[in-house]
Amino acid sequence: MLNKIISHTLPYFPQKFIWQFSKTYIAGESIQDAIDASKALNQKKIMVTLDILGEFIENMHQARVNRDEYLDLITAVEQTDVIGNYSIKPTMFGLLLDKESCYALIRDLVIKAAYHKNFIRIDMENSPCVDDSIEIFRRLKKEFPKNVGLVLQAYLKRTRSDLENMLDLRSDDSDLNFRLCKGIYIESPSIAYTDYREINTHYLEDLELMFRNKVYPAIATHDKYLIQGALTLIDKYNVPKSGYEFQMLYGVTPKQCQALVGKGHSVRVYVPFGQHWFGYSTRRLKENPAMMSHILKAMLGKG
Ligand code: FDA
């Protein structure tokens, strides 16, 4: 309840105040901020995936502006020695306004990433976006087998069959590359598991299905139970270190991140940045007030 009240009043707090704790989770406003944060992580042997924060868009002009910002980001990053790739949210390119144009804009980004032998990850947003995001991924995966990946959310009841249905996209020379996360949006119990243990059980079942079918998983979680479960599966299936990676969010459980790196696992951190950090932070908090407790912990120095 307290979380809910605070998260709803946050938009009325001064930005400077909000920035004091948002900066734990957001790399900054500019491309240079993101590059600096990435280099610092790379020095700790951590790869990155860069994400430009965006607000909901209202027209396709804004979608093209977002495409251009990402093109600028890729141009800038590829001139550096940053070890990282890119994550995008389809709604920033008009998924909910004009699906075909959204596909074309995302394709522009994948063309550019492919030119640099790099990779674009399509994040998964809330449930109305899932079918169209999968369709866009399918089309791009056929054209750019090595340069595009998708996110799957273990809390959605449909995820297992989505995963099985996409196995047909595997080919000899290119893996399927899925980031597996729990899922951040509030979804109806009719379509999503809501119990912590149930979500974790499905997470590990989905991950096992990936290992059994030679899918490259990006194991995106900070949950110690899931990390241990993933390590057990890696042993069980004798998966080489090149066959998976762990992923965590910028500023979240950095010690856990470093511990995995210390044991020789590949780890990538999701680095969000951009001018829309304020709207993004407050909107995410309204979507999921449970995040407030993480932020309060960070403010009190226990994050
Ligand atoms: P859980 O929520 O149980 O957290 C485990 C522990 O981790 C907590 O007890 C806390 O200590 C710590 N923790 C977790 N999140 C924290 C935070 N934000 N701040 C501080 N501490 C925190 N979701 C989605 O729907 N679509 C997507 O595309 C993505 N993409 C994505 C990329 C990456 C790299 C990650 C790590 C996560 C996502 N997510 C996502 C979010 C994901 O679905 C999920 O909501 C969060 O990762 C939290 O779930 P955990 O698995 O960490 O477990």
Side-chain angles (χ1 to χ4, degrees), residues 3 7 21-27 41 46-51 53-54 84-92 95 119-130 133-134 137 149-156 158-159 162 177-187 191-204 206-207 217-230 244-257 259-260 266-272 280-281 283-285 287-303:
N3 284 351
S7 63
F21 53 88
S22 288
K23 70 181 179 194
T24 310
Y25 303 110
I26 292 167
L41 287 161
I46 297 169
M47 303 175 288
V48 297
T49 184
L50 291 161
D51 168 79
L53 296 171
N85 58 35
Y86 309 93
S87 288
I88 59 161
K89 292 197 167 37
T91 57
M92 272 178 74
L95 186 77
F119 180 88
I120 303 270
R121 169 90 55 196
I122 302 174
D123 283 359
M124 193 59 83
E125 299 173 271
N126 56 352
S127 53
C129 300
V130 176
S133 299
I134 289 178
F137 167 70
L150 187 68
V151 177
L152 293 174
Q153 298 158 320
Y155 70 177
L156 286 188
R158 58 177 287 171
T159 288
D162 285 341
N177 183 325
F178 290 133
R179 175 193 298 150
L180 183 62
C181 65
K182 289 190 187 185
I184 190 110
Y185 303 90
I186 308 256
E187 299 287 1
I191 58 162
Y193 306 109
T194 51
D195 174 65
Y196 170 81
R197 261 177 286 180
E198 214 175 4
I199 296 171
N200 279 5
T201 301
H202 284 92
Y203 189 105
L204 291 176
D206 293 343
L207 187 60
I219 306 160
T221 183
H222 316 91
D223 188 332
K224 286 193 182 105
Y225 174 83
L226 288 184
I227 292 172
Q228 193 45 55
Y244 62 91
E245 66 188 56
F246 285 92
Q247 292 194 350
M248 296 191 195
L249 299 173
Y250 185 74
V252 179
T253 60
K255 282 187 191 153
Q256 200 159 232
C257 217
L260 286 167
S266 298
V267 181
R268 188 182 301 276
V269 160
Y270 188 101
V271 178
Y280 173 86
S281 307
R283 184 164 52 81
R284 290 295 283 272
L285 281 169
E287 272 165 11
N288 188 355
M291 293 296 293
M292 197 62 222
S293 52
H294 295 314
I295 286 175
L296 291 174
K297 265 199 266 172
M299 283 175 80
L300 297 169
K302 295 177 193 161

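Values reported hereafter were calculated over all heavy atoms of this structure, with side chains retained and with hydrogens, waters and symmetry mates removed. Just so it is clear, the model here is predicted, and its values are computed rather than measured. We count ligands from 1, going down the list as the structure has it; atoms in each ligand are counted the same way.
Contact annotation: for Arg268 versus ligand 1, there are no heavy atoms closer than 4.0 Å. Residue contacts with ligand 1, taken as heavy atom pairs separated by less than 4.0 Å, involve Met248 solely via the backbone atoms N, CA, C and O. At a heavy-atom cutoff of 4.0 Å, ligand 1 is contacted by the side chain of Val252 but not by its backbone. Of the heavy atoms in Lys224, none comes closer than 4.0 Å to ligand 1.
Close N/O approach between His222 and ligand 1 is found [any backbone or side-chain N/O within under 3.5 Å]. Considering backbone and side-chain N/O of Gln153, one or more are found under 3.5 Å from N/O of ligand 1. Annotation: Tyr270 places no N or O atom under 3.5 Å from an N or O atom of ligand 1; distance criterion only. The shortest N or O to N or O distance between Thr221 and ligand 1 is below 3.5 Å. Looking at Cys181 next to ligand 1, no N or O pair under 3.5 Å apart turns up. By the 3.5 Å distance cut-off applied to N or O atoms, Tyr155 is not counted among the residues near ligand 1.
Side-chain atoms of Glu187 never come within 3.5 Å of backbone atoms of Tyr193 as a donor-acceptor pair (strictly under, hydrogens ignored).
Near Asp123, with a cut-off below 4.0 Å to any heavy atom, the atoms of ligand 1 are 28 (O). Heavy-atom contacts of Arg179 reach the following atoms of ligand 1: 28 (O), 30 (N), 31 (C), 32 (C) (cutoff under 4.0 Å). The distance from ligand 1 to the heavy atoms of Tyr185 drops below 4.0 Å at these ligand atoms: 25 (O).
Atom OH of Tyr196 sits in a crowded spot, with more than 12 heavy atoms from other residues, nucleotides or ligands closer than 6.0 Å.
At least one heavy atom of Tyr25 sits less than 4.0 Å from an atom of ligand 1.
Minimum heavy-atom separation, Leu207 to Leu180: N-CD2, 3.8 Å. A pairwise comparison of heavy atoms in Val267 and Cys257 identifies CG1-SG, 3.5 Å as the closest pair. Closest of all the heavy-atom pairs between Arg179 and Arg121 is N-NH1, 3.0 Å. Shown here for Tyr203 and Ala154, the closest heavy-atom pair between the two residues is CA-CB, 3.6 Å.
With distances taken over non-hydrogen atoms, the option nearest atom 41 (C) of ligand 1 out of Ile184, Val271, Thr49 is Ile184. When the heavy atoms of Leu249, Ile122, Asp51, Val151 are ranked by distance to atom 37 (C) of ligand 1, first place goes to Leu249.
Side-chain contact between Tyr244 and Ile219 is present, with at least one heavy-atom pair separated by less than 4.5 Å. Asp162 has its side chain out of reach of Phe178: every pair of non-hydrogen atoms, C-beta onward, lies at least 4.5 Å apart. Annotation: side chain of Asp51 is in contact with side chain of Lys89 (closest heavy-atom distance under 4.5 Å).
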